[in-house]
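Protein chains get the first letters and strands the later ones, always in sequence-line order, with residue 1 at the start of each.
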Amino acid sequence: MRATLREIVLGCRSLLVGMRVTMVEFFKPVVTVPYPHEALRMPERYRGPIELVRDPATGRAICYACQLCARACPSGCITVEGVKREGERRKRVTQYQLDFSLCSLCGACVEACPDAAIRFSKRYNWATPHKEEFLLDLVRQLEQESR
Amino acid sequence: MTPPPATVQAPGSGETFLLNLGPQHPATHGVLRLKLTMDGEYITRAEPVCGYVHRMHEKMGENRKYAQFLPNTSRIDYLSAMHYTHAFVGAVERALGLAVPPRAEYIRVITSELNRISSHLVWFGAFLLDLGGFTPLLYAFDDREQILDLLEAITGSRLTYCYYRFGGVCHDIDNAFLEGTRAFVARMRPRLRLYHELVTDNIILRNRLIGIGPIPLELCRRYGATGPVIRGSGAAYDVRKTEPYSVYPQFDFDVPVYPEGDSMARYRVRMDEIEQSLRIVEQALERLPSGPVRAEGVPRVLKLPAGEFCCAVEAARGRFAVRIVSDRREIPWRVKLRTPSFSNLSLFEEASRGMMLPDAIALLGSLDLVIPDIDR
Amino acid sequence: MTPSPEQIARELASRFPPSPPADAPPPAAPALASTGGPAGATPAEGGAAEAGTVRMLDYARCGCHLEAHVQPAQVVAAAALMDQFGFALDTITGLDWLPAGRMEIVYDFFHPHATLRVAVRTRVPRDQPDVPTVSSIFPGANWHERETHDFFGIRFLGHPGLTPLLLPEEAAFHPLRKDFTG
Amino acid sequence: MSVSLPEPLRLFALLAGAMAFVGLNAAYLVWAERKAAGRFQRRPGPTEAGPAGLLQPVADVLKLISKQLMVPPGADAVLFRAAPVLVLVPAMICLAVIPFGERWVAREMPLGLLVLFAFGSIQVMAVMLGGWASRNKYAIISAARIVSQDVAYEIPMLLVMITLLMVTGTMDLGEIVRQQAGGFWRWHLFRLDANPLMPLTFVIYYICMLAETNRAPFDMAEAESELVAGAYTEYSGMGFGVFFMAEYANIVVGCATATVLFLGGWQSPIGVGSGPVWFLAKLYGLVFSVIWVRWTFPRTQFYGLLNLSWKILIPASLFILVLSGAALQLSGS
């Protein structure tokens, strides 16, 4: 009897303590970010879909299609093609295709690149109902940016 | 299509009905299916059916180079990605005899323990959700968000970190991370007190957990249950202590053990582990050595010597072990992943016999399952 | 009371001696190899280690203290021995040694109270991969055996329900066999 | 009602008023609950539809109305369709007898309290009916739970009512409120002279009310983490919407009853300036506490709920009843 009464009293106390906790939280400011109106900035190392880096000297992509990224990729989602032009020491990238629907953003390609010719973009809120839109042509993307 | 007749008989009538809990059900946290043979609200047999998110990671391991398998390790148990990567790089480092620089080991410990806290916070929230309390989930996620922000800043990802490399870690940590982690540790202690006031001491919760779903130590041993499950049944089995890896022996921390074996014991183990992880993080921050974060002389083309190499870690849910069988090629002959949720769930059928449905759900929640970890 | 690796090794070696060839005298002492290199074998020599070999291993190197090779028929007795020593079943898995025409089943054990890892191994022919189940001793083996059956097609005789666990219900393929093609 | 209307018209106006009140009340209580839940959880709650999300209920209703009503194959179609209606109508009838102010009562009756209790328990049976008719195992388990929960909690509730009746001596709700005029110490909640355990009586009533309305922490019937949505699992569109509406209507009825019986109805706590404003303030204060409780506690276990009723609440309310009788006898009325 005594133990039961004690339990009831302690139990009621625990309930009141819990209600106090939520009431204190009730008057604190909200912690969420109202997403479409306000968005967080992605950190420096954020891993978005990769993009080609421009060589400031030439204005073109640094990439010379050495294929190391394509070989490092565990999902095989990178296809690179390059052409060697007359009088140039290295090949120039002509096509850099990324199948983002296969990419797991692991970063093996960026790490494998010997010349830092690819980097992560900060793109994160990206959705599409069409799978083909995830087939990215990074060379064209770079050209469009320069325009 | 006519559904099977549903009848509820009084207990003891011997007439049972089959209840399909899942694969889509609020309490199964993903796609686990429980085939429940029910006698009224009492469970006479609970048969877990898994494999709905089976991805055959082990086959993928046989098809790609060691470095290419690294991203997979984050995706087996997405809530303790750091630990899983740790086990895999650990096995490779053992095989190659790589000495990891101390700073890298310390960074691994800090990130692993932060990851453990964030995993336990998810469990805490989801468990309370199973028990019908929604508010603690959002409090826990608020705290977890702080960890995810910290880890995202150094790894570039919020869940699938893929941060460890053979012989070290990917990038060094910066001052902002150190400050942020200190601030988090300072913030978390009062938050734990809040959790105890709101949840642990709550009489409703205590009545729902104390004495419910008892798992004797013997049952844990025969099923190979590890992690908070076996520690909640009275065995101080923690891979960080029994099979020390990384620099864990240098830290002063306790292994929380509760002998009762009920859901409350497992709950308490995890809550205490958050506390202990905070202690480890604190110590690691204090003593963080300077130096490189990647070992010298890691071969560009990674080939392991022939033989088998195992490495086990204490993941948030228990013992995770990787076994690599190498035949000197660039890709492994076999990668075996021993996941804790698999063994922890396998005892559910025996442990839940004769329980009422809500109690069985409390038991299921207290096992802290991640379904992709079971299915791999 | 936690056993030492040497003690377990001696016990294993004396209980599961190498099967004597029909025309040779039984060995005088059980074979107990000293601390060796990495565990296991390579596909080329897959299945070379004879049943009855017990080897102490370099834990720092391969994450295991001890491995014992037994006959397929002896796995239940070996599991019972590990049970007596208070071990817990860690996992069961298969290995396909295609070049040697054999499959290997590895039983991993950990000790809940000690730093001790033991692997019990047995080898079966690839064309008839049968081995008795240990689920009567370690009920946890039930799922591990089902999984191993899924992946390798190894049949665990006496198993209470060897239905696919992770693979689809009607799956009749074994993806981790080396000759499996998607 | 100062304007006298012919009886059929009056009845019609009354019903229309009750329906409008129930609908609006439910819609905006949902909004309030979501806002409050948000604040308890440190998030803003609905914000997108209209200022501060005030149009959210309109959007919700439009969505629910536009959905197809499904009757699961093999279900008892008649009972399945009748259940939502049966759950809503009693709540409306109850609202009709509740005095919101001195003259603000739709239908004053000398036996108002009896009406409240007669119709108050129908809704639980209607939810059970819905669960039973759904031909869904989760719904049936839920229906079985509702029955035993209802049986367990009607008893202490009625015992508490008898205690209160001994104090008031009347079942006329208006009269009961009038007895409590003159300041908050005159409220039945604080009538310690009539029964020293009066606050405890209120607490027991409050717990029973939570259980009767299937509100957390006693929402075993819905129990979304166990039974998906319990008795409502198979209901779609407005079928579910009506259940939802009824849930809030029943909360209001339960809280209004508590206000009338214990908190002095429309009487001002300081004795002057009484009016319907006070009634609504007390009513929605209680409703807020119901929301607060829901967003604080986990759900009780089913046998925990029965234990609480049979082992604690019923003995306690019996004890209070005896004590009340003794006090009445001693004061020599």
Side-chain angles (χ1 to χ4, degrees), chain B residues 47-54 56 58-59 62 90-91 94-95 97 217 219-226 230 233 235-237 239 241-245 304-312 319 321-323 325-328 333-334 336-339 342-343 345-347 349-350 374-376, chain C residues 37-46 57-64 67 83 86-97 99 104 106 108-117 119 137-144 147 150-151 161 164-169 171 175-176 178 180 182:
Chain B
E47 189 193 337
V49 181
C50 25
Y52 290 93
V53 282
H54 175 54
M56 202 74 231
E58 295 179 10
K59 187 75 184 175
E62 292 178 9
R94 270 184 184 168
L217 179 57
L219 198 69
C220 287
R221 186 177 72 79
R222 285 176 188 276
Y223 279 91
T226 49
I230 198 169
S233 298
Y237 180 77
V239 182
K241 292 274 191 192
T242 51
E243 286 176 50
Y245 59 98
L304 263 55
E308 294 197 17
F309 307 95
C310 303
C311 186
R319 177 196 172 85
V322 171
R323 171 194 290 273
V325 182
S326 161
D327 63 332
R328 300 191 190 92
W333 182 260
R334 169 100 170 91
K336 164 71 187 168
L337 308 163
R338 186 269 184 210
T339 54
F342 187 88
S343 303
L345 177 65
S346 66
L347 58 73
E349 180 169 347
E350 195 164 332
I374 299 165
D375 291 352
R376 279 163 290 149
Chain C
T42 59
E45 69 204 40
L57 302 170
D58 177 12
Y59 175 78
R61 188 83 197 284
C62 49
C64 191
E67 66 170 21
D83 185 30
F87 277 88
L89 181 71
D90 191 12
T91 185
I92 298 174
T93 189
L95 279 168
D96 184 6
W97 300 123
E104 180 164 344
V106 188
D108 273 301
F109 297 92
F110 69 88
H111 202 286
H113 304 292
T115 305
L116 202 47
R117 296 253 296 107
I137 291 154
F138 288 102
N142 185 326
W143 279 24
H144 290 296
E147 184 200 298
D150 279 4
F151 291 173
L165 179 71
L166 298 180
L167 294 186
E169 280 162 42
L176 281 185
K178 287 285 173 186
F180 169 79

field: C:D90 with B:R338: basic N within carboxylate O range, under 4.0 Å
entry: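 Salt bridge present between C:D90 and B:R338.
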Electrostatic pair C:D108-B:K336, nearest N-O below 4.0 angstrom: no
Contact summary for [X] and [Y], nearest pair of heavy atoms:
X: C:L166; Y: B:I374; value: CD2-O, 3.9 Å
X: B:M56; Y: C:P175; value: SD-CG, 3.8 Å
X: B:W333; Y: C:P99; value: CH2-CD, 4.0 Å

Contact leader toward chain C among B:R376, B:K241, B:R319, where contacts are heavy-atom pairs under 4.5 Å: B:R319
- prompt: Is there a side chain to side chain contact (heavy atoms under 4.5 Å, CB included) between B:R221 and C:F138 once you walk through the steps?
  reply: CA-CA 8 Å; B:R221 186 177 72 79; C:F138 288 102; 4.1 Å; yes
message: Which one wins on heavy-atom pair count under 4.5 Å against chain B: C:A119, C:A114, C:G140?
response: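 The candidate making the most pairs under 4.5 Å is C:G140.
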message: Below 4.5 Å, heavy-atom pairs only: which of C:A141, C:G86, C:G94 has the largest tally toward chain B?
response: C:G86
query: For the atom pair CG (B:L347) and CG (C:N142), what is the distance rounded to the nearest 0.5 Å?
result: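 These two atoms lie 12.5 Å from each other.
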task: Measure distances from C:F110 to the heavy atoms of chain B and classify the residue's part below 4.5 Å as side chain, backbone, both or neither.
output: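 Side chain only.
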field: C:D83, part contacting chain B, at a heavy-atom distance under 4.5 Å
entry: both
Minimum side-chain heavy-atom gap [X]-[Y] below 4.5 Å:
X: C:P168; Y: B:H54; result: no
X: B:V325; Y: C:W97; result: yes
X: B:E62; Y: C:L176; result: yes

By a 4.5 Å heavy-atom criterion (distance strictly below it), what part of [X] contacts chain C: side chain, backbone, both, or neither?
X: B:Y245; answer: neither
X: B:T226; answer: side chain
X: B:C311; answer: neither

message: Whether the side chain of C:T115 engages the backbone of B:T242 through a donor-acceptor N/O pair (distance < 3.5 Å, no angle test) should be reported.
response: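 Indeed, once roles are kept as given, a pair shorter than 3.5 Å links the two residues.
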field: Side-chain donor or acceptor of B:R222 paired with backbone N/O of C:A88 under 3.5 Å
entry: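 No, B:R222 side chain to C:A88 backbone: no donor-acceptor pair under 3.5 Å.
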message: Checking side-chain polar atoms at under 3.5 Å, does C:T93 have a donor or acceptor matched by the opposite partner on B:R334?
response: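 A pair is found: one side chain offers a donor N or O, the other an acceptor, under 3.5 Å apart.
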- prompt: Parallel, tilted or perpendicular: which fits the ring planes of B:F342 and C:W143, with parallel below 30° and perpendicular above 60°?
  reply: perpendicular
